[in-house]
K.L.:
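Can you read through this structure? Questions will come right after.
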Amino acid sequence: MAFVQFSKVSLAFGDRDILKDVTINLQTGSKVALTGANGAGKSTLIKVLAGLVQPDSGTRAVQKDSRIAYLPQSGLTHHGCTLREEADKAFEFGYEMQRQIDQLGEQMAANPDNANALALRQADLIQALEESGWHRRAAAAESVLLGLGFSREDFNRNTEEFSGGWQMRIALAKALMQNPDILLLDEPTNYLDIEARNWLEGFLKDFRGGFLLVSHDRYFLDVTINEVYELFGGDLKRYPGNFTHYEKVREVELKTLIAEYEQQQQEINKLEEFINRFGAKATKAAQAQEYQKRLEKMVRIEIPESLKKIHFSFPPAPHAGKLVYRMNSICKSYDGSHNVLNNLELQLENGDRLVVAGRNGAGKSTLLRIIAEQDKDFTGEVIPGAGVKIGYFSQDNAETIKGKQTILEYLESEAPLELIPKLRDMLGAFLFRGDDVYKSLDVLSGGEKARIALLQLLLSPVNLLVLDEPTNHLDIHSKDVLLDALKGFGGTVVFVSHDRGFIEQLATRVLELTPGHFRTFPGDYQFYMEQLAKEADGDNVQSQAFAKQKVGASVNGTNGGGKITTEAAPSAGALSYEEKKRQEAERRKAEKLVAKIEAEIEALEDKKSELEAKMADPAVYSNGEKAKAVQRELDEVASQIEVKTSEWEAASEALM
């Protein structure tokens, strides 16, 4: 069984203890989440596990021949080859094993007296290579790349053509393709849309090795892991169960500490308020100095950020009518020939929480920019309701935040008077804690500016919030604070998010975009996913009829438009005799093709078994040339099986 483990590992940066006598054991089958506040040292711990950072003391042990794959949070780029060629680099371990197998064959030929020992070693390598999936690398690479959102057209693109987020997807794909014994993933969901996250969830559920990951997506953690390690103050503690269970257990554990923390915070606030109000007055100066000394001597109680109870609410939303916004026959094209949005119809009512779903490139951000009046280059009609005041957030908002002001000064100048006393707590909820609030705007990173832009928007009195990926750059605790505020918001929300838990908690309607088409669903996100599951299971007639009669679906007419229609889909019983006959003939043809391909696959599998038996023959594996020839045949047969399997899948779809 593969494993990597620590025993009493310690590491300090200066006078700060990052790890204090930490012990952890990852092995085949481990499904672990690592949690802790920002800056607690999670990324450092993962690097020590990966062998990239040496601890000050303690031991790190790794099972011989265990393969470990590590993905950092960011910073990886690829260049100088196509995506397909870069993906193949993930299989270098297999090429190296094959070189060793070939070398052992040559050594056996040159040293017959030691052939038995060499043959055993070669047989072990051949078995390990087969079990690693290396012979099926082409199919594995295609499956992973498609699952993470790349298209087949991307395979021959040069890697330097991909943006930073897609560069990290390439890095993630390479880590998964290695089929390692241990996977170490530092925030792998940061650059993934919800479809890619869903795919990664399935991959990790089926993954036979062990993994440890950091993520700020509670839903993703709940469905993939079965134990949590919390890093807090340099100490590491294990909690069995999923992430939600960990949070419940941890909160009970710290109930007394939280009460003491809240009492201390009240005292600190009172002392600071007195010092700020009376510190400059001669009659109160001595008392203010005494309070200042008390603050400085106070031993501050610390609790994990995720358990601090911070709440805030929006300013009251201005009054708006029941009908907030309408869009009629909206068309949008960037190249003049292909419509990203095609005859889109949308109606928003007061109180709606509409999530816009769809793959990257389906037009989600484009639609939000049109609603927010940031993009006016389209055809069709938009009709805002009476008294509607729009607040818009996107990652581009960060570009407008600049200057020499501190964060606190900037937001104090923007906030309503009644919210100014709450700004420090609100900034803490958005990951600006302690002296961070005195940072100059000009020194902030893009992610920090995005959080400021989001918080700035939440201070404004609006009644229609348009939010494009508001949960990016937020940890789980910050998402909870934002979610609570949005649930209590008195207006309407239209948003895009890749965090499934956030969507499920907030959305009351779903607008699905696919290139040139749209559908709306009146229920929450879980209802929407159930409808997609029915369609995937082959219940297309019922699902499409539901969508057209009750929801509104894109209609593949002559103009490919997406107008809502109330026409019911024709039932199977309404088909003409000729149409039924034609469909039955096509089905029989498809069944014959499937049977033919299945027979071909069976023959290829038999041939593969014969070649594998031949490879196990001492007369073959002890002869380097014979072994190479058989291995080449094996690779060719494996490749043919992959091709035929793809043909079988395509033919089988016609029978659904």
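In this text the structure is predicted, and so the values were computed from the model without any measurement.
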K.L.:
If we only count heavy atoms from C-beta on, is the Leu183 to Tyr70 side-chain gap below 4.5 Å?
P.N.:
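No, too far: nothing below the 4.5 Å cut-off.
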K.L.:
In terms of side-chain geometry, is the basic nitrogen of Lys293 or Glu296 positioned less than 4.0 Å from the acidic oxygen of its partner?
P.N.:
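Salt bridge absent between Lys293 and Glu296.
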K.L.:
Are Leu236 and Leu34 close enough that some pair of their side-chain heavy atoms sits under 4.5 Å apart?
P.N.:
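Side chain of Leu236 against side chain of Leu34, heavy atoms only: contact under 4.5 Å found.
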K.L.:
Under a 4.5 Å cut-off applied to non-hydrogen side-chain atoms, are Leu411 and Ile452 in contact?
P.N.:
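Yes, side chains in contact.
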K.L.:
Between Gln456 and Glu414, does any side-chain donor sit less than 3.5 Å from a side-chain acceptor?
P.N.:
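Checked: Gln456/Glu414 side chains pair up, N/O donor to acceptor below 3.5 Å.
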K.L.:
For residues His78 and Glu160, is any side-chain donor paired with an opposing acceptor at under 3.5 Å?
P.N.:
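Looking only at side-chain atoms, Glu160 and His78 do not form any donor-acceptor pair under 3.5 Å.
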K.L.:
To the nearest 0.5 Å, tell me how far Leu511 CG sits from Leu354 CG.
P.N.:
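Taking CG in Leu511 and CG in Leu354, the distance rounds to 5.5 Å.
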K.L.:
Any side-chain donor paired with an acceptor under 3.5 Å for Tyr239 and Glu227?
P.N.:
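There is no such pair between these side chains.
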K.L.:
Between Phe150 and Phe162, does the ring centroid distance fall short of 6.0 Å?
P.N.:
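That pair passes the under 6.0 Å test.
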K.L.:
For residues Asp499 and Thr471, is any side-chain donor paired with an opposing acceptor at under 3.5 Å?
P.N.:
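The answer is no; no qualifying pair exists.
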K.L.:
Checking side-chain polar atoms at under 3.5 Å, does Tyr325 have a donor or acceptor matched by the opposite partner on Gln347?
P.N.:
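Side chains of Tyr325 and Gln347: no pair found under 3.5 Å.
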K.L.:
Does the side chain of Asn190 pick up a donor-acceptor pair with the side chain of Glu187 at under 3.5 Å?
P.N.:
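A pair is found: one side chain offers a donor N or O, the other an acceptor, under 3.5 Å apart.
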K.L.:
Answer yes or no: is there a side-chain heavy-atom contact under 4.5 Å between Asp235 and Leu19?
P.N.:
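No, too far: nothing below the 4.5 Å cut-off.
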K.L.:
Give me the atom names and distance for the closest heavy-atom approach of Ile370 to Phe378.
P.N.:
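Looking at all heavy atoms of both residues, the closest pair is CG2-CE2, 3.7 Å.
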K.L.:
Strictly by modelled atom types, are Tyr246 and Glu251 linked by a side-chain donor-acceptor pair under 3.5 Å?
P.N.:
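Judged by distance alone, the side chains do not pair up.
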K.L.:
For residues Asp56 and Ser10, is any side-chain donor paired with an opposing acceptor at under 3.5 Å?
P.N.:
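Absent: no donor and acceptor within the cut-off.
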K.L.:
Using a strict threshold of under 4.0 Å (side-chain N to carboxylate O), is an ion pair present between Lys332 and Asp375?
P.N.:
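Looking at Asp375 and Lys332, the cut-off is met.
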K.L.:
Apply salt bridge (Lys or Arg N to Asp or Glu O under 4.0 Å) to Lys174 and Glu86, showing your working.
P.N.:
CA-CA 8 Å; Lys174 289 174 65 179; Glu86 187 65 43; 2.6 Å; yes
K.L.:
Is it true that Glu260 and Lys255 have a side-chain N and a carboxylate O under 4.0 angstrom from each other?
P.N.:
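Between Lys255 and Glu260 there is no salt bridge, as every charged N stays at least 4.0 Å from the carboxylate O atoms.
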K.L.:
List the steps and the verdict of salt bridge (Lys or Arg N to Asp or Glu O under 4.0 Å) for Arg424 and Glu272.
P.N.:
CA-CA 13 Å; Arg424 292 294 293 265; Glu272 289 179 340; over 6 Å; no
K.L.:
In terms of heavy-atom contacts, does CD of Glu267 have more than 12 from other residues, nucleotides or ligands at under 6.0 Å?
P.N.:
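Enclosed.
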K.L.:
Applying side chain to side chain contact (heavy atoms under 4.5 Å, CB included) to Leu212 and Ile24, what does each step give before you reach the verdict?
P.N.:
CA-CA 11 Å; Leu212 177 144; Ile24 186 172; 3.9 Å; yes
K.L.:
So for atom OH, which belongs to Tyr438, do other residues, nucleotides or ligands contribute more than 12 heavy atoms lying within a distance under 6.0 Å?
P.N.:
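No, the 6.0 Å shell around OH holds no more than 12 heavy atoms from other groups.
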K.L.:
Are the charged groups of Arg238 and Glu230 less than 4.0 angstrom apart, N to O?
P.N.:
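Answer for the salt bridge query: no.
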K.L.:
So which heavy atom on Val462 is nearest to which on Lys389, and how close?
P.N.:
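For Val462 and Lys389, the tightest heavy-atom pair comes out as CB-O, 3.4 Å.
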K.L.:
Is it true that Lys402 and Asp442 have a side-chain N and a carboxylate O under 4.0 angstrom from each other?
P.N.:
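Salt bridge between Lys402 and Asp442, a charged N being under 4.0 Å from a carboxylate O: no.
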K.L.:
Hey, could you give me the OG1/CG distance between Thr406 and Asp436, rounded to the nearest 0.5 Å?
P.N.:
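Thr406 atom OG1 to Asp436 atom CG measures 12.0 Å (nearest 0.5 Å).
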K.L.:
Measure the shortest side-chain to side-chain distance between Val466 and Phe393 over non-hydrogen atoms and say whether it is less than 4.5 angstrom.
P.N.:
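SC-SC contact between Val466 and Phe393 ruled out.
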K.L.:
So that I can tick it off, tell me whether Asp217 and Arg500 are bridged by a salt bridge, with the cut-off set at under 4.0 angstrom between side-chain N and carboxylate O.
P.N.:
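Result for this pair is no, no salt bridge flagged.
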K.L.:
Measuring only between side-chain heavy atoms, which start at C-beta, is Asn463 closer than 4.5 Å to Thr492?
P.N.:
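Sidechains of Thr492 and Asn463: no contact.
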K.L.:
Under 4.0 Å between a side-chain nitrogen and a carboxylate oxygen: does that hold for Asp480 and Arg218?
P.N.:
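Judged by the 4.0 Å cut-off on N to carboxylate O distance, Asp480 and Arg218 do form a salt bridge.
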K.L.:
Under a 4.5 Å cut-off applied to non-hydrogen side-chain atoms, are Tyr410 and Leu441 in contact?
P.N.:
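The answer is yes; the side chains approach within 4.5 Å.
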K.L.:
Between CZ of Arg300 and CE of Met298, what distance do you get to the nearest 0.5 Å?
P.N.:
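Atom-to-atom, Arg300:CZ and Met298:CE are 6.0 Å apart.
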K.L.:
If I take atom CG from residue Asp21 and atom OG from residue Ser57, how far apart are they, to the nearest 0.5 angstrom?
P.N.:
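Separation between the atoms: 6.5 Å.
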K.L.:
Evaluate the side-chain proximity of Thr224 to Lys31: yes if any heavy-atom separation is below 4.5 Å, no if none is.
P.N.:
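Sidechains of Thr224 and Lys31: no contact.
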